[in-house]
**Student:** 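Handing you this structure, nothing more for now.
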Amino acid sequence: MQPYFLPYLGYIQLMNLVDNFVIYDDVSYINRGWVNRNYILVNGQKKLLTVPLKEASQNKRINEIYIANDQKWVDKQKRTIEMAYKKAPYFYEVFDLYSRIIDFEGDNLSAFLTNQLECLKNYFDLNTKLVLSSESFSNQELKKGDRLMDICLQMQQSEYINPIGGTEIYTKEQFSERNIELRFLEMRVQPYPQIKTESFVPYLSILDVMMMNPKEFIVANLLEQFNLK
């Protein structure tokens, strides 16, 4: 998976499910995607949190992009989070984790996001091994499914799990030809209390989930709410 900023619950479900989670950081950056932004709730409305970048382009790989070196956006984002979630039941512990993520020393986007995923992994006590594609595999000349299959074979893994959106790109038959079982994870939406909303808003950043639910409940319940196809 490409590294996403404060990803949604389904992303963490996938991290929890697999033995090895490959952070796909040497593929093209996608403008207006989820690599450097995600949704939270502010006064009951969806609001984008964005990490500003320097000269970001779809012609660059994620690990070739750098974060804007400006403390102002960090301070502003912290104020936004505090305004949105100060009354949330788990605000203080989660805001402390968020602050450690956002205050990362360094401006490489891949390093920043990898550190964030390590922080989330440790918070939820996941046993998954995180692997950087840019540091572990020399197969960038391969395209799409061929590269994914090659990564599985290099890691001696016989099963590859992709988010449900992958059904539009990959086929199980394609992978089975290389003796790899392809499966797709689909998050099941389970409502939880949210601040100032009349109806539940799904697919927000994991930050919203963490602010409103105890870690033990997330691990024992919410991380298990998915279908594997």
**Student:** Quick one: closest heavy-atom pair of Arg61 and Asp26, and the distance?
**Tutor:** CD-O, 3.0 Å
**Student:** Should the ring pair Tyr11 and Tyr4 be called parallel, tilted or perpendicular, given that the plane angle runs from 0 to 90° and is split at 30 and 60?
**Tutor:** tilted
**Student:** Under 3.5 Å, is there a donor on one side chain and an acceptor on the other for Glu118 and Tyr123?
**Tutor:**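 Checked: Glu118/Tyr123 side chains show no N/O donor-acceptor pair below 3.5 Å.
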**Student:** Out of Leu53, Leu109, Ile30, Ile65, which one pairs with Val35 under the side-chain contact (heavy atoms from CB on, under 4.5 Å) rule?
**Tutor:**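 Only one of Leu53, Leu109, Ile30, Ile65 forms a side-chain contact (heavy atoms from CB on, under 4.5 Å) with Val35, namely Leu109.
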**Student:** Of all heavy-atom pairs between Leu185 and Gly10, which one has the smallest distance, and what is that distance?
**Tutor:**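 Nearest heavy atoms, Leu185 then Gly10: CD2-O, 4.0 Å.
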**Student:** With distance as the sole criterion, is a donor-acceptor pair present between the side chains of Asp150 and Gln154 under 3.5 Å?
**Tutor:**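 Their side chains do contain a donor-acceptor pair, which is all the 3.5 Å distance test asks for.
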**Student:** Is it the case that the ring center of Tyr192 lies less than 6.0 angstrom away from the ring center of Phe200?
**Tutor:**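 So the answer is yes for these two rings.
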**Student:** Compute whether any side-chain donor of one residue and acceptor of the other, for Asn36 and Tyr29, lie under 3.5 angstrom apart.
**Tutor:**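 Yes, Tyr29 and Asn36 have a side-chain donor paired with an acceptor closer than 3.5 Å.
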**Student:** Below 4.5 Å, heavy atoms only, C-beta onward: do Leu49 and Asn38 meet side chain to side chain?
**Tutor:**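 No; the side chains remain at least 4.5 Å from each other.
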**Student:** Can Lys215 and Asp125 be counted as an ion pair, charged N to O under 4.0 angstrom?
**Tutor:** yes
**Student:** Taking all non-hydrogen atoms of both residues, which atom of Lys60 and which atom of Glu55 are closest, and how far apart?
**Tutor:**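 Nearest pair, atom of Lys60 first, then Glu55: NZ-O, 2.9 Å.
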**Student:** Looking only at non-hydrogen atoms, find the nearest pair between Lys196 and Asn43 and report the distance.
**Tutor:** NZ-OD1, 3.3 Å
**Student:** Nearest 0.5 Å, what's the CD1-OG distance between Ile23 and Ser133?
**Tutor:** 8.5 Å
**Student:** Do the side chains of Lys76 and Asp70 get close enough for a salt bridge, i.e. N-O under 4.0 angstrom?
**Tutor:**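 Judged by the 4.0 Å cut-off on N to carboxylate O distance, Lys76 and Asp70 do not form a salt bridge.
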**Student:** Without swapping roles, check the side chain of Thr50 against the backbone of Pro52 for a donor-acceptor pair under 3.5 Å.
**Tutor:** no
**Student:** Looking just at side-chain N and O atoms, do Ser110 and Asp25 make a donor-acceptor pair shorter than 3.5 Å?
**Tutor:** yes
**Student:** Angle between ring planes, Tyr98 versus Phe95, binned at 30° and 60°: parallel, tilted or perpendicular?
**Tutor:** tilted
**Student:** Would you compute the distance between atom CD of Glu64 and atom OG of Ser134 and round it to the nearest 0.5 angstrom?
**Tutor:** 10.0 Å
**Student:** Taking 4.0 angstrom as the limit, do Asp75 and Arg79 come out as a salt bridge?
**Tutor:** no
**Student:** Group every Ile, Leu, Val, Met, Phe, Trp and Tyr by side-chain heavy-atom contacts under 4.5 Å, then state whether Tyr170 and Met155 land in the same group.
**Tutor:**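 Per the 4.5 Å side-chain linkage, Tyr170 and Met155 are co-clustered.
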**Student:** Taking all atoms of both residues into account, what is the closest heavy-atom pair of Tyr24 and Ile62, and its distance?
**Tutor:** O-CD1, 3.8 Å
**Student:** Any side-chain heavy-atom pair from Leu120 and Met210 closer than 4.5 angstrom?
**Tutor:**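 Sidechains of Met210 and Leu120: in contact.
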**Student:** If we check side-chain contact (heavy atoms from CB on, under 4.5 Å) with Lys129, which of these qualifies: Asp19, Val22, Asn20, Val18?
**Tutor:**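 Of the listed options, the one satisfying the test is Asn20.
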**Student:** Would you say Glu216's side chain and Pro214's backbone share a donor-acceptor pair under 3.5 angstrom?
**Tutor:** no
**Student:** With a 6.0 Å cut-off on ring centres, are Tyr203 and Tyr39 close enough?
**Tutor:**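 No, the ring centres sit 6.0 Å or more apart.
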**Student:** Is the backbone of Leu6 close enough, under 3.5 Å, to the side chain of Gln116 for a donor and an acceptor to pair up by distance?
**Tutor:**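 Yes: the side chain of Gln116 pairs with the backbone of Leu6.
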**Student:** When you measure from the side chain of Trp34 to the backbone of Pro7, do you find a donor-acceptor pair of N or O atoms at a distance under 3.5 Å?
**Tutor:** no
**Student:** Quick one: do the Gln190 and Asn221 side chains pair a donor with an acceptor below 3.5 Å?
**Tutor:**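 On atom types as modelled, these side chains qualify, holding a pair under 3.5 Å.
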**Student:** For Gln140 and Arg147, test the side chains for any donor-to-acceptor distance below 3.5 angstrom and give the result as yes or no.
**Tutor:**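 On atom types as modelled, these side chains do not qualify, holding no pair under 3.5 Å.
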**Student:** Verify, without hydrogens or angle tests, whether Lys121 (side chain) and Thr128 (backbone) share a donor-acceptor contact under 3.5 angstrom.
**Tutor:**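 It does hold such a pair.
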**Student:** For the pair Asn213 (side chain) and Val209 (backbone), establish whether a donor and an acceptor sit closer than 3.5 Å, ignoring hydrogens and angles.
**Tutor:**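 Such a contact is found between Asn213 side chain and Val209 backbone.
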**Student:** Please check if Leu97 and Leu207 belong to a single hydrophobic cluster, counting links between Ile, Leu, Val, Met, Phe, Trp and Tyr side chain heavy atoms closer than 4.5 Å.
**Tutor:**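 Linked within one cluster.
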**Student:** Hey, could you give me the CG/CD1 distance between Leu148 and Ile180, rounded to the nearest 0.5 Å?
**Tutor:**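 Rounded to the nearest 0.5 Å, the CG-CD1 separation comes to 9.0 Å.
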**Student:** Return the minimal non-hydrogen interatomic distance between Met187 and Gln13, and the atom names on each side.
**Tutor:** CG-OE1, 3.3 Å
**Student:** When rounded to the nearest 0.5 angstrom, what is the spacing between CD in Gln174 and CG in Leu182?
**Tutor:**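 Interatomic distance, Gln174 CD to Leu182 CG, rounded to 0.5 Å: 8.0 Å.
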**Student:** Working note: Ile161 + Phe184, criterion side-chain contact (heavy atoms from CB on, under 4.5 Å); need CA distance, chi angles, decisive distance, verdict.
**Tutor:** CA-CA 5 Å; Ile161 302 176; Phe184 298 99; over 6 Å; no
**Student:** Would Phe217 end up clustered with Tyr85 when hydrophobic side chains under 4.5 Å apart are linked, directly or stepwise?
**Tutor:** yes
**Student:** Side-chain contact, heavy-atom cut-off 4.5 Å: Asp208 with Ile206?
**Tutor:**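 They are not in side-chain contact.
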